[in-house]
Amino acid sequence: MKYDHKAIEKKWQERWDVAQSFKASDSPRPDKKFYILDMFPYPSGDGLHVGHVEGYTATDIYSRFKRMQSYDVLHPMGWDAFGLPAENYAIKTGVPPQQTTDKAIDTFRRQIKELGLSYDWSREVGAHTPEYYKWTQWFFLFLYNNGLAYKRMAKVNWCPKDQTVLANEQTVSESGEKGVCVRCGTKVIQKDLEQWFFKITDFADALVDDLDQVDWPESTKINQRNWIGRSEGAEIEFAIAGSDQKIKVFTTRPDTLFGATYMVLAPEHQLVQDLKDRIENWSKIETYIEETKNKTDIDRASEGREKTGVELKGVKAINPANKEEVSVYIADYVMGGYGTGAIMAVPAHDERDAEFAAKFNIPVRRVVEPVTMQTVGSSAFKQNDPFVDSHGVIVFLKHWAEDKYMGLKWRDASDWGTLLTGGIDEGMTGEDTTRKEILEETGYKNIKSLRQLTTIHSKYYHVPKKLNRFGHAPVFVVELADGERDTVSDEEQTKHERLWLSVDELKTFLTAESHQLALSILQGNQYTGAGILTDSGKFTGMQSEEAKQKITKSVDGSMVKTYRLRDWLISRQRYWGAPIPVVYDPEGKAHPIPEEHLPWVLPTDVEFRPTGTSPLGQSKELLDRTEKIFGKGWRPEIDTMDTFVCSSWYYFRFADPHNAQEFASKDALQKWLPVDLYMGGAEHTVLHLLYARFFTKALQKHGYVSFGEPFKKLRHQGIILAEDSTKMSKSKGNVINPDDVIREYGADALRMYEMFMGPIEAMKPWSTKNITGVARFLERVYRLQRADDVVELPNNHVLAQTVKKVTEDIEALKLNTAISALMILLNELETLPQAPHAAYHTLITLLAPFAPHMASELAEKHGIDLSVWPTYDESKLVADSTTIAVQVNGKVRGTVELGVNASESDALNAGRAVAGKWLDGKTEQKALYVPGKIINFVVV
RNA sequence: GCCGGGGUGAUGGAAUGGUAGACAUACGGGACUUAAAAUCCCGAGAGCCUUUAAACGCUCGUGAGAGUUCGAGUCUCUCCCCCGGCACCA
């Protein structure tokens, strides 16, 4: 009998809907709650795509699994419904965003239900509804009242033809040209507007540090850290000659202060204006400032990085270290918003400064030298010899008299001169004794280098001629012992790009010339690493790390932390967003709208076509409302909020979605949050995650929540590519529509196929023909005959193993291998005339999270209880006997069938019998038996 | 340039340091059928030896090269290539 997916899936979807089967408890047990969340989607007019299906199916399987394990599960869905596409569509067609959005949501909801996803629909929220954005506005007020929201001038991308503000992603034309309007191709200019900011930088440190507490993909954490970009350095003041004004700079390299031969201010730096009277070439300066203003950041970066700038004639600064006068420039390679907006430039030790100095003929002064090889004795080494060489080079030496080794390696300043010594015997491995001793003796933390130490035992010692991937750390592995030199032909050397050295060559190499060679390997004459100071007054001879502190102190500077992270600009000159709850009095002063007037409703009497002002500026209703409530002459704020604001707190709302008094009650938050598992794509989430974490930290600081991280565990689903392994796109016409797949194969098959494709986080191509694999599997399950009488499965361990595997794999979200385990069980059951009772029931139960419709149908038919997740008997996991391989010298020479309780000698004897012909006439040196794994004989 | 993630059959992919290629797709052969579809069974990494043919046997094989180990897809080092993110951040 054929499985009728259409009828059966419909039947169960309707039942689940009517019964509200997945409604979350109002009183979850604290130790048994699980909040499983998907990133709520933007309901695009194109409907659900297969990428959504992947993530949603994974969390659905996990949710159903957790429910079967008797957890109280909260698994909600909502809509990130404000945003640009609906507004752009409105501009084109005049159809109001409300309409298109509601329609899109209906489509999404229908599609999601047709996938059999187990959401609690009683908690559905939409960010565009007044009930929701009332609380988005409340969050604005909350931040404002706590000094975390403020207003200031900021640049926006402006299209002079369309008379509209453009988002950054709208400044790239379809052909990829940057800095132009996406619609009309006009060159985008920069315009200053008063805009609102959230002070996320107040939490910069916590946002970096607390990443250690969460179970997230390492790469996502790294992206967050990079985005925040915390760096430690010094602030140092340079006096301006003949003035009491000072230029404050931020530098991570105060150790190079003596090499600072000029300074650069960002063109927008206030001091440039303050110094106007002293500047002799003001008109040139003014022109340059004007030019910079009209450049977007994209321009600044895209112009080939050719350095430009103008000297401030008549202004000189004094290097506080050596009291020398240096000239001052403005240049757009220095950013106003980072550090102090001014730098001391050290052309000898910074690539950018070097480029600029070359162009403007500014003197270069070297003040840091790479540490040079000083001691390669001809006598035994002494423990305390300053044994050093150049540029992050690794050197390992074998002591030629005492058969001991000495290794040395560093990559950066903090590693400087670390000496690895110790009595390391030939026989030791890097794994145990050596590592331990070396760690204790030197405090050296880099395990990798210890791994390297074991390499010394090997036969080959090489010097790569080319730079390795660190760009500046060629690896030297050498042996000074007399004796074997491998003779290698010139071709061989060229082929492997290695330089083989005899002991004699090595001696030369390691002395005077070694430094020069290392230098020549390195990039030209530029040295940006740490080292030993030269030409730096009393600091000469000091190491960089120490000098940083001491030099900073000597010029009354201070050590500070600086961040790349800027405050979050939330103003959008857009219609389809949450209105910013602010009004202006007749003097133009901003006032927050009192909470009792929320929601501050988005008006509908606006045109969507750009008219040079934010769309809300045209609303008569909004203006009237403002004057009516606040008085004559008052004006409303006409910008709306970035949609990231809406998505920064929605996970709180799901805990208590209908609360009219609070964004969520403390009680509900206490019960459900934080989110236990959060699933979403990796592509656009750096900002979302950062902003959500910021909101949580702000709430925590003011006592609303008791935790600082909203998402305990985060996983990403990968991108699903089209069949030709390119990105799916409407223009290429290679988009797969889930509706079509469901119609053809059913929702269960689609769900299982997407999970079976590969690891959830991997990027993988769609393949329609591969769906037949899981579709066939489901058909075979449906056809499988269940025995009426009780029979034992001959290979009962297969059943126990399947339960174990599927349970562990779902827990780890390795759903592809969980499914293949189910397939193996089915294959096994099909070898029998009829499937034994217990095994059949277990199969259907294990299948339930993956293919809930079919499992429910079969469960109903056979009276199977799907509410309890199966367990397994540990003792049944192992088969009575196993086949293990017999190796001789590591090569497989046969297999042997061994009972579970076979003794080592029995096993080895059985092995000898099998491998007899390989052992004859040889001396057995070693015999290994690893139970359940392998037998290996070492012979010579 | 910097930071991540990868490289395994024709394809998607499996493999706590222990018989590489599970599971599936496509493919080849067979059964059933008037035929096709569906279904079921069997085969299959590359090469060599021998041979009518096969079996047996052997060698090689997880991007390349080296190392550690009784044993490496897995650990260490170097090199090559692909993908993603950031990018004048001092």
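These numbers were taken from a predicted model, which means no experiment stands behind them. Numbers restart at 1 for each chain; the letters A, B, ... are given by sequence-line order, proteins then strands.
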* **Glycosidic conformation of B:rG61, taking syn as within 90° of 0 and anti otherwise** =>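 Anti, which is what one calls it when the glycosidic angle falls more than 90° from 0.
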
* Identify which one of A:F238, A:F360, A:Y329 satisfies the ring-ring contact (aromatic ring centres under 6.0 Å, His included) criterion when paired with A:Y262. =>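 In the set A:F238, A:F360, A:Y329, the residue that makes a ring-ring contact (aromatic ring centres under 6.0 Å, His included) with A:Y262 is A:Y329.
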
For atom [atom1], what is the distance between [N] and [M], given to the nearest Å?
N: B:rC41; M: B:rA26; atom1: P; answer: 15 Å
N: B:rU8; M: B:rC82; atom1: P; answer: 14 Å
N: B:rA31; M: B:rG84; atom1: P; answer: 50 Å
N: B:rU50; M: B:rA55; atom1: P; answer: 16 Å
N: B:rG6; M: B:rC77; atom1: P; answer: 15 Å
N: B:rC40; M: B:rC58; atom1: P; answer: 36 Å
N: B:rG9; M: B:rG63; atom1: P; answer: 8 Å
N: B:rA10; M: B:rU62; atom1: P; answer: 14 Å

* Asked: Looking only at side chains, do A:Y288 and A:T308 share a donor and an acceptor under 3.5 Å apart?
  ->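 Yes, a side-chain donor-acceptor pair sits under 3.5 Å.
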
Looking across every strand, which nucleic acid part, if any, lies under 4.0 Å from [X] by heavy atom: base, sugar-phosphate, or nothing?
X: A:R566; value: base
X: A:T562; value: nothing
X: A:R230; value: nothing
X: A:S767; value: nothing
X: A:N827; value: sugar-phosphate
X: A:F756; value: base
X: A:I222; value: sugar-phosphate

* Could you tell me whether A:K804 and A:E808 make a salt bridge, using a distance below 4.0 angstrom between a side-chain N and a carboxylate O? =>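 A salt bridge is present here (some side-chain N lies under 4.0 Å from a carboxylate O).
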
* Asked: If you pin A:T817 and A:T895 to their nearest nucleotides in RNA chain B, which one's is more 5'?
  ->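 Its nearest nucleotide lies further toward 5', so the answer is A:T817.
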
* Asked: Which comes earlier along RNA chain B counting from the 5' end, the contact point of A:G337 or that of A:V686, where each point is its nearest nucleotide?
  ->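 Upstream on the strand: A:V686.
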
Quick one: look up who [N] pairs with, Watson-Crick or G-U, both distances under 3.5 Å, and put none if it's unpaired.
N: B:rA64; value: B:rU78
N: B:rA55; value: none
N: B:rC86; value: B:rG1
N: B:rG18; value: B:rC70
N: B:rU11; value: B:rA24

Of all the nucleotides listed ([options]), which has the minimum atom distance to the side chain of [X]?
X: A:R893; options: B:rU59, B:rU39, B:rG12; value: B:rU59
X: A:R776; options: B:rA90, B:rA26, B:rG4; value: B:rA26
X: A:T772; options: B:rA90, B:rA26, B:rC23; value: B:rA26
X: A:R564; options: B:rC23, B:rA87, B:rG4; value: B:rA87
X: A:T251; options: B:rA90, B:rA20, B:rA14; value: B:rA90
X: A:M335; options: B:rA90, B:rA15, B:rG4; value: B:rA90
X: A:F250; options: B:rA90, B:rC3, B:rU16; value: B:rA90
X: A:P759; options: B:rA14, B:rC88, B:rG4; value: B:rA14
X: A:N770; options: B:rC40, B:rU25, B:rU16; value: B:rU25
X: A:I934; options: B:rC70, B:rG18, B:rA90; value: B:rG18

Round to a whole Å and report the spacing from [atom1] of [X] to [atom2] of [N].
X: A:I719; N: B:rG5; atom1: CD1; atom2: C1'; result: 13 Å
X: A:K805; N: B:rC23; atom1: NZ; atom2: C1'; result: 11 Å
X: A:M763; N: B:rG13; atom1: CE; atom2: P; result: 11 Å
X: A:L778; N: B:rA24; atom1: CG; atom2: C1'; result: 13 Å
X: A:I343; N: B:rC88; atom1: CD1; atom2: P; result: 14 Å
X: A:W766; N: B:rG13; atom1: CH2; atom2: P; result: 14 Å
X: A:M757; N: B:rU25; atom1: CE; atom2: P; result: 15 Å
X: A:E761; N: B:rG5; atom1: CD; atom2: C1'; result: 10 Å

Look at [X] and [N] and indicate whether a side-chain polar atom (N or O) is within less than 4.0 Å of OP1 or OP2.
X: A:K926; N: B:rC70; answer: yes
X: A:N936; N: B:rG18; answer: no
X: A:S219; N: B:rG85; answer: no

* To do: Find out whether A:L815 and A:F850 are in side-chain contact, i.e. whether some heavy atom of one side chain is under 4.5 Å from a heavy atom of the other.
  =>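 The answer is yes, as the side chains (C-beta and beyond) meet within the 4.5 Å cut-off.
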
* Would you mind reporting whether A:E54 and A:K764 have side-chain heavy atoms less than 4.5 Å apart? =>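 Side chain of A:K764 against side chain of A:E54, heavy atoms only: contact under 4.5 Å found.
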
* ring-ring contact (aromatic ring centres under 6.0 Å, His included) assessment of A:Y563 paired with A:W227 -> CA-CA 9 Å; A:Y563 307 86; A:W227 192 267; over 10 Å; no

* Mark yes or no for a side-chain to base donor-acceptor pair under 3.5 Å between A:K891 and B:rU59, with no hydrogen or angle criteria applied. =>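 No.
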
* Side-chain-base donor-acceptor pair under 3.5 Å for A:E351 and B:rG1 ->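 Looking at the base of B:rG1, it does not pair with any donor or acceptor on the side chain of A:E351 (distance under 3.5 Å).
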
* To do: Apply side-chain hydrogen bond (donor to acceptor under 3.5 Å, both in side chains) to A:R893 and A:N936, showing your working.
  => CA-CA 10 Å; A:R893 298 302 185 189; A:N936 192 11; over 6 Å; no

* Out of A:L271, A:V264, A:I247, which one pairs with A:V328 under the side chain to side chain contact (heavy atoms under 4.5 Å, CB included) rule? ->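 So the option named by the test is A:I247.
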
* To do: With side chain to side chain contact (heavy atoms under 4.5 Å, CB included) as the test, would you mind laying out the steps for A:V368 and A:R253 before giving the verdict?
  => CA-CA 11 Å; A:V368 177; A:R253 294 293 305 275; 4.1 Å; yes

